Structure formats: C-alpha cells, structure tokens
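Order of the sequence lines fixes the chain letters, A, B, ..., with proteins taken first and strands second; residue numbering starts at 1 for each chain. Owing to the predicted nature of the structure, the values given are computational and were not obtained by experimental measurement.
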Amino acid sequence: MDIFADFGERVRASIKALGWRAADGADLDLGRIVVEPPRDAAHGDLAVNAAMVLAKPMGRKPRDLAIELMGALAADPDIAETEVAGPGFLNLRLTPAAWGRFLARVLISGPAYGRGVVARGRVNVEYVSANPTGPMHVGHCRGAVVGDALANLLGFAGHEVTKEYYINDAGAQVDVLARSAFLRYREALGETIEIPEGLYPGDYLKPVGSRLAEIHGRGLIDLSEADWLPIVKPFTIDAMMAMIREDLAALNVVHDVFFSEKSLQAGPTGDRVAQAIAKLTADGLMYQGRLEPPKGQLPEDWEDREQTLFRSTAFGDDVDRPLMKSDGSYTYFASDIAYHLDKFERGFGEQIDIWGADHGGYVKRMQSAVKAISGGSARLEVLLCQLVKLFRAGEPVKMSKRSGDFVTLRDVVDEVGVDAVRFMMLFRKSDAPLDFDFQKVTEQSKDNPVFYVQYAHARTASVFAQAREALPGFDLGESGLAGAELDRLTDVGEIGLLKRIAQWPRVVEAAAEAREPHRIAFFLHDLASDLHGHWNRGKDLPQLRFVNVDDPLSSHARLAMVRAVAQVLASGLAILGVKAPDEMR
RNA sequence: GGCCCCGUAGCUCAGGGGAUAGAGCGACAGCCUUCUAAGCUGUUGGUCGCAGGUUCGAAUCCUGCCGGGGUCGCCA
C-alpha cells in the first residue's frame with residue numbers, strides 16, 4: 001500500500017534482472033536505494049536515487065546507470081513516463097490507471113490505511129507524572145499532549161503501547177500536601193488559619209479539608225502529626241489524583257496504568273527499592289565513595305561526605321550518583337531506578353519517558369540505570385519538552401506559582417477547547433520552545449492551523465452532502481467509490497492530492513521512528529492545504545468541481561478521492577487526539 | 001567550567017544526506033450571481049550562526065568555535 005516501498009521493490013528487482021554487480025564482481029548493497037517523492041512536482045511522481053548510490057561501487061557514471069535502469073523499468077505498465085535528471089535521478093510518472101488502482105486500495109483499506117503492517121513490539125510511554133499536590137497547570141500540558149499523541153502514533157505504526165503515569169506519592173512534598181490539607185481541615189472546623197511559607201496555599205484544598213471535617217468531625221484535631229498523617233495523607237493524595245484524572249480527561253488523555261511510587265517501598269513483595277539496590281550491589285555497581293564538588297558555582301552548603309553511590313559512569317553518565325540520603329532514606333533517583341526496573345520486569349525493553357526540559361540533566365543517569373538493571377537489554381528514550389510561553393493577544397501572561405495564582409491546565413482547556421490545545425501543542429517540534437496565544441488559537445481563520453485542518457475535514461463532509469443531493473443514483477460507500485472510474489483523475493490538482501495521500505504511510509513510519517508526532521500535524525496541514533487549494537480551483541474551472549452534474553462519472557471518481565482525503569485527515573487527527581468534525585458551524 | 005537543547009525569510013517555525021531550501025504571519029496585488037470567502041491565487045523576502053571535515057552530493061552527519069536557553073550531590 002506504500003507505493004514508495006512498492007516501487008522500491010520494483011527498482012531492486014529490475015537491478016537484479018539487469019545483473020548489475022560491483023566493479024570487483026561482488027553483490028551490490030541495494031539498501032541505500034530509496035524511492036521518494038520529489039521535492040518539485042515537475043520532477044514527476046517518484047524519484048529514484050539508485051544510479052547515484054551505485055555509481056561508485058560499480059565504477060560507472062551515474063547518468064549511464066540511470067539510463068540503463070530507465071530502459072529496464074520501461075516495461076512496467078504502471079509507469080507512464082521516465083526521465084533521467086540532475087546528477088543521476090531517475091524520475092517516474094505513473095499512469096492514471098496506476099493512481100486509480102492505488103486510490104481503490106486506499107478506500108478498501110479504510111481507516112487501516114497507513115497503519116503499520118509489521119508488529120513492532122511492546123513499548124511503554126510514561127508521561128505527565130505530575131506530582132499529586134494540586135491541579136495540573138499549563139506547564140504539564142505539553143508533555144501530556146505530546147506523550148499521548150506519541151503513544152497513539154506508535155500504536156498506529158504497529159507497536160503495542162502502554163500509556164503510563166508515575167505517581168510521586170512517596171516524597172516529602174506529599175507530607176507538605178497533607179499538612180496543607182490538615183490546615184484546611186482546621187479551617188473547615190471554624191478556625192482562622194494562616195498558611196505559612198512552604199505549604200500549598202491553593203483553594204483547591206478547601207474541599208478536601210471540608211470532607212475531612214465531614215468524615216472525622218473533630219476527631220483528628222488533637223492527634224499528633226504522626227497520628228493524623230497516615231489518615232490525611234492518602235486521603236488527600238487520592239483527592240488530588242481524582243482531580244488530575246479529571247484534568248487529563250478534559251485534555252482527552254487517558255492512561256492505561258497509574259503506578260504509585262509509594263507502592264515500590266511498601267508493596268506486597270517488600271521494599272522494591274532495596275531490591276533494586278541489592279541487584280546493583282550484586283552486580284558490583286554500588287560503592288561507598290566521595291564525589292568531586294561540581295565545577296563552576298559551588299553550592300553554599302557543600303560538604304564533602306562519603307555516600308552510597310551507583311556507578312552510573314560505567315553506562316555513560318558523567319558522574320556516579322547517590323542513592324541514599326544522609327538520613328538513610330532513598331533518593332528520588334533510587335525510587336526511579338526501582339520503577340524502571342519494574343517496567344523492565346513487566347516486559348518493557350522499550351521505554352519512553354516524556355519530561356520537561358528542566359529535567360534534561362537527569363537523562364543520562366536514568367538511561368545509565370536502565371542499562372544497568374536490564375543487563376544492557378532494555379533501552380530508555382527520553383523526550384524533553386521545552387517550555388510553553390503563554391500570551392494573550394501578543395502580551396505575555398504573568399504567572400506567580402508562589403501565590404498559587406498559576407494558570408491551570410483546566411483554565412486553558414476551558415477557554416480555548418481541547419482540540420485547539422492539543423493541535424497547537426503538536427504544531428511544533430517538542431524540543432523547540434512554543435508560544436501559545438489564547439487569542440490566536442481561538443480564531444476561526446486560516447491563520448489558525450487547528451481550524452484550517454478541521455475545516456478541511458468538514459469540507460469533505462459538505463461535499464458528500466452536496467453529492468447525495470446532486471447525484472442521488474451513486475453508491476457513495478467505500479466499495480462503490482472504489483469501483484468508480486478512477487483513471488478519470490488526471491488533473492494536476494487531483495494527482496497532487498493522490499500523491500499527498502500516498503505519502504501517509506511513510507510519514508507515519510518516519511514520525512514514529514523519530515518519535516516526532518508533530519510531523520503528523522504538519523502533514524495534515526499540507527494535506528488540508530492541497531484540498532482547499534484544489535477545491536478553490538473549481539471556482540474558475542467549474543469542470544474541476546468535485547460535484548458536477550454534467551459529468552457524473554468524473555464526479556464519482558473525485559468523490560472517491562475526497563473520501564480518501566477525509567480518511568487520512570480522520571486517521572491523522574485521531575492520532576493527535578483532535579476531533580474530525582463534519583461541520584464547523 | 002561539565003553536560004543537554006536551540007541558531008533557517010522582517011516575525012513564528014517546518015525540512016535532519018538529494019535536484020532551484022519551504023509554510024504561515026507581515027507587506028503588496030487580485031478572487032464572492034459558483035460544491036462553506038471560516039477559503040484561494042500571485043508578488044515580495046535567505047551568505048540555512050562561523051570555520052574546517054566526511055560524501056558523487058551537506059541546511060541535514062562529524063569536529064571546533066560564536067551566540068541564546070536549560071541544568072549541575074541528600075528537590076521531586
């Protein structure tokens with residue numbers, strides 16, 4: 001179904017039939033031969049680089065080889081024209097009949113068109129993993145969307161994907177959360193409270209305090225912290241996670257697994273963190289030692305001390321890393337190692353984590369750890385998402401996290417809608433910073449790529465509504481459309497759309513391979529642009545309109561093409577988690 | 001100072017071995033008795049940060065600089 005891969009095979013077969021060999025008589029490496037869409041449409045439908053790649057090993061001139069290959073391919077009935085161009089490109093143009101058969105196959109495949117055909121194995125994508133200390137803020141938004149879209153993309157490309165969320169419910173910050181909730185509890189009981197520096201001031205803890213008061217009455221008020229903490233903490237964490245799940249649902253993000261950090265230390269199989277460290281110790285990767293102080297600015301409270309270190313430098317890290325704090329408790333890194341070991345033991349040799357760019361310094365050590373705990377058989381990839389800068393009509397939006405006065409993810413989704421948020425977060429490479437303007441993303445104009453792409457899909461639906469009225473006799477189902485006289489599609493705009501559609505499988509594959517879901521968004525924008533452009537040509541040239549009562553057979557073929565466009569738009573938008581609407585009123 | 005990311009049109013950014021480097025915005029000029037003008041067409045605009053290297057071919061890969069951002073033992 002991928003015509004580029006298809007013709008790649010035909011080219012390789014022709015080369016074998018020609019009996020080409022390397023200058024020394026050895027077999028040629030045909031792996032570097034690619035068949036791809038030429039940048040310039042004037043160069044035809046497919047460009048073959050075989051002659052240039054093989055010229056050196058064969059000791060011959062690229063243009064001579066291209067001419068020879070051109071002769072061998074001339075017998076292919078699907079090829080209408082061939083030409084040798086530039087430094088030795090062989091350009092191919094397909095016949096309308098070949099394009100028609102391609103389109104028919106796309107329609108028969110339906111929503112499966114572009115889906116990976118080979119199984120690519122299991123992969124675990126961990127994203128969001130926001131601390132359960134409050135509602136999600138905009139900072140979490142990009143990672144959530146990128147992770148979710150990447151997981152969708154990998155699934156579409158043929159991986160078996162698990163979407164996972166790591167709940168940091170074991171550190172000191174959840175104790176702080178519990179204390180903050182306890183204050184709200186006292187407040188709910190009528191006390192006047194003052195929230196000291198360092199506790200979470202947000203109003204979102206008020207309902208938690210009220211519910212604690214409802215459940216426990218004054219029962220907790222005279223307990224010592226050691227006694228109320230085990231009650232208040234899990235209750236509050238559960239409330240925060242419920243809130244976060246609602247936020248995620250509003251963003252159209254759903255995880256398969258929520259994994260608790262706390263469960264690592266107090267799970268049914270004992271202390272998993274200790275077990276992970278024991279494993280590293282058994283492998284000779286732990287030792288007591290001292291670290292050099294960091295170069296550059298020395299931390300004020302630096303103190304040379306012997307500590308429990310993991311030999312991460314043996315796996316590519318810059319320095320060895322401590323796994324125990326001075327008070328004997330585990331560092332966050334220690335828990336994280338145990339967590340990634342758990343993922344490995346659950347069968348995930350492929351792990352992808354989505355982090356904020358401020359965690360960039362953490363990448364190497366975590367990758368080192370994954371290598372260490374898996375004996376080198378597991379791989380961790382980390383995608384770093386750069387910051388999102390918020391604007392309102394060109395003016396930066398000020399935020400103060402300390403006062404609790406930050407923009408929540410919910411604020412953004414409620415204001416601009418989930419589709420606009422998701423699409424805009426994906427309309428940029430994730431390692432480039434992103435400007436997000438509330439004004440612009442809600443504009444309903446071509447300046448707004450979300451609406452531009454969605455409108456293209458709506459337009460296809462509109463064309464079909466028109467067709468059902470104007471051409472009542474036609475079968476507009478997939479098989480009916482596939483049976484139309486598709487070789488009537490010969491206009492440059494029509495072939496252009498088919499060529500764009502033909503790229504879909506390779507775009508999916510390349511985007512999945514590169515872990516770059518933004519490529520899907522850009523592809524959809526291009527496809528939408530092709531459709532809008534061709535649609536508009538029907539104004540000057542009525543004979544090109546999709547629905548034309550004077551030429552029902554061509555109309556039928558064009559509707560088949562429009563259906564294929566709609567299919568690809570819908571598939572792509574589904575990967576991005578954006579709706580493909582039938583109307584935009 | 002070490003490590004990571006970025007540097008492409010006036011602006012925001014795609015392109016990450018292939019031919020004459022693209023899109024949107026901006027600016028300018030057009031297109032509505034016509035399938036949704038929520039749209040389309042054209043014009044304008046570039047020493048791809050700099051210098052070497054690899055290659056038949058480099059914006060793309062490698063090295064070194066320059067500039068911007070992030071980060072740097074017991075925060076998660």
query = Would you call the rings of A/Tyr362 and A/His359 parallel, tilted or perpendicular, where under 30° means parallel and over 60° means perpendicular?
reply = perpendicular
How would you label the contact of [X] with the nucleic acid (heavy atoms, under 4.0 Å): base, sugar-phosphate, or nothing?
{"X": "A/Ala467", "answer": "nothing"}
{"X": "A/Arg39", "answer": "base"}
{"X": "A/Tyr332", "answer": "base"}
{"X": "A/Asn91", "answer": "base"}
{"X": "A/Arg428", "answer": "sugar-phosphate"}
{"X": "A/Glu261", "answer": "sugar-phosphate"}
{"X": "A/Phe427", "answer": "nothing"}
{"X": "A/Pro322", "answer": "sugar-phosphate"}
{"X": "A/His359", "answer": "base"}

Ring centroids only, cut at 6.0 angstrom: are [X] and [Y] within range, meaning strictly under it?
{"X": "A/Phe258", "Y": "A/Tyr166", "answer": "no"}
{"X": "A/Phe259", "Y": "A/Tyr339", "answer": "yes"}
{"X": "A/Phe522", "Y": "A/Phe427", "answer": "yes"}

Out of [options], which nucleotide sits closest to the side chain of [X]?
{"X": "A/Lys364", "options": "B/A19, B/C6, B/C4", "value": "B/C4"}
{"X": "A/Arg32", "options": "B/C56, B/U12, B/C74", "value": "B/C56"}
{"X": "A/Phe522", "options": "B/C13, B/C35, B/C74", "value": "B/C13"}
{"X": "A/His525", "options": "B/G73, B/C35, B/A23", "value": "B/A23"}
{"X": "A/Asp358", "options": "B/U71, B/A37, B/G18", "value": "B/U71"}
{"X": "A/His518", "options": "B/C35, B/C4, B/G15", "value": "B/G15"}
{"X": "A/Ala85", "options": "B/C35, B/A19, B/U12", "value": "B/A19"}

Integer angstrom distance from the [atom1] of [N] to that of [M]:
{"N": "B/A21", "M": "B/U47", "atom1": "C1'", "result": "14 Å"}
{"N": "B/C50", "M": "B/G67", "atom1": "P", "result": "15 Å"}
{"N": "B/G30", "M": "B/U34", "atom1": "P", "result": "22 Å"}
{"N": "B/G64", "M": "B/G24", "atom1": "P", "result": "38 Å"}
{"N": "B/C5", "M": "B/C65", "atom1": "P", "result": "16 Å"}
{"N": "B/A9", "M": "B/A27", "atom1": "C1'", "result": "13 Å"}
{"N": "B/G45", "M": "B/A23", "atom1": "C1'", "result": "14 Å"}
{"N": "B/U60", "M": "B/G18", "atom1": "P", "result": "11 Å"}

query = Just wondering, do A/Phe89 and B/A19 stack (centres under 5.5 Å, planes under 30°)?
reply = yes
message = Tell me whether A/Arg506 forms a cation-pi arrangement with A/Phe4, defined as NZ or CZ under 6.0 Å from the six-membered ring centre and within 45 degrees of its axis.
response = yes
ask   = Between A/Phe546 and A/Arg558, is there a cation-pi geometry (under 6.0 Å to ring centre, at most 45° from the normal)?
value =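 Here A/Arg558 fails the 6.0 Å and 45° test against A/Phe546.
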Partner of [N] by Watson-Crick or G-U wobble geometry, both contacts under 3.5 Å, or none?
{"N": "B/A19", "answer": "none"}
{"N": "B/G73", "answer": "none"}
{"N": "B/U44", "answer": "B/G26"}
{"N": "B/U33", "answer": "none"}
{"N": "B/G67", "answer": "B/C6"}
{"N": "B/A59", "answer": "none"}

inquiry  = Please classify B/C35 as syn or anti, treating any glycosidic angle within 90° of 0 as syn.
reply    =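 B/C35: anti glycosidic orientation.
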Measure from the side-chain N and O atoms of [X] to the backbone N and O of [Y], and report whether any donor-acceptor pair falls under 3.5 Å.
{"X": "A/Ser368", "Y": "A/Lys364", "answer": "yes"}
{"X": "A/Asp169", "Y": "A/Lys262", "answer": "yes"}
{"X": "A/Arg60", "Y": "A/Leu54", "answer": "no"}
{"X": "A/His532", "Y": "A/Tyr452", "answer": "yes"}

Integer-rounded Å distance: [N] [atom2] and [X] [atom1]:
{"X": "A/Lys262", "N": "B/A76", "atom1": "NZ", "atom2": "C1'", "result": "16 Å"}
{"X": "A/Phe523", "N": "B/G15", "atom1": "CZ", "atom2": "C1'", "result": "15 Å"}
{"X": "A/Phe474", "N": "B/C35", "atom1": "CZ", "atom2": "P", "result": "20 Å"}
{"X": "A/Phe423", "N": "B/A38", "atom1": "CZ", "atom2": "C1'", "result": "15 Å"}
{"X": "A/Asp318", "N": "B/G2", "atom1": "CG", "atom2": "P", "result": "11 Å"}
{"X": "A/Asp327", "N": "B/C75", "atom1": "CG", "atom2": "C1'", "result": "14 Å"}
{"X": "A/Phe391", "N": "B/C11", "atom1": "CZ", "atom2": "P", "result": "15 Å"}
{"X": "A/Leu323", "N": "B/C75", "atom1": "CG", "atom2": "P", "result": "14 Å"}

message = Between the base of B/G16 and the side chain of A/Lys429, is one N or O donor paired with an acceptor at under 3.5 angstrom?
response =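 Result: at least one qualifying N/O pair found.
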query = With no angle test and no hydrogens, is the base of B/C74 tied to the side chain of A/Arg305 by a donor-acceptor pair under 3.5 Å?
reply =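 Result: at least one qualifying N/O pair found.
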key: A/Asn168 vs A/Ala458, nearer the 5' end of RNA chain B by closest nucleotide   = A/Ala458
Residue met sooner reading RNA chain B from 5', once A/Glu83 and A/Thr331 are mapped to nucleotides = A/Glu83
query = Does the side chain of A/Asp271 reach to within under 4.5 Å of the side chain of A/Tyr330, using non-hydrogen atoms?
reply = yes
task = Please list, by residue number, the residues of residues 51-60 of chain A whose heavy atoms come closer than 4.0 Å to an atom of RNA chain B; answer none if no residue qualifies.
result =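 A/Met52, A/Val53, A/Lys56 - these, ordered by number, are the residues of the stretch whose heavy atoms sit under 4.0 Å from the strand.
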ask   = Within the pair A/Tyr452 and B/C40, is there a side-chain N or O less than 4.0 Å away from OP1 or OP2?
value = yes
query = Is the phosphate of B/C11, meaning OP1 or OP2, less than 4.0 Å from a side-chain N or O of A/Lys440?
reply =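 So the side-chain polar atoms of A/Lys440 never come under 4.0 Å of the phosphate oxygens OP1 or OP2 of B/C11.
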message = Taking atom CD as the centre, does A/Gln543 end up with more than 12 heavy-atom neighbours from other residues, nucleotides or ligands that are less than 6.0 angstrom away?
response = yes
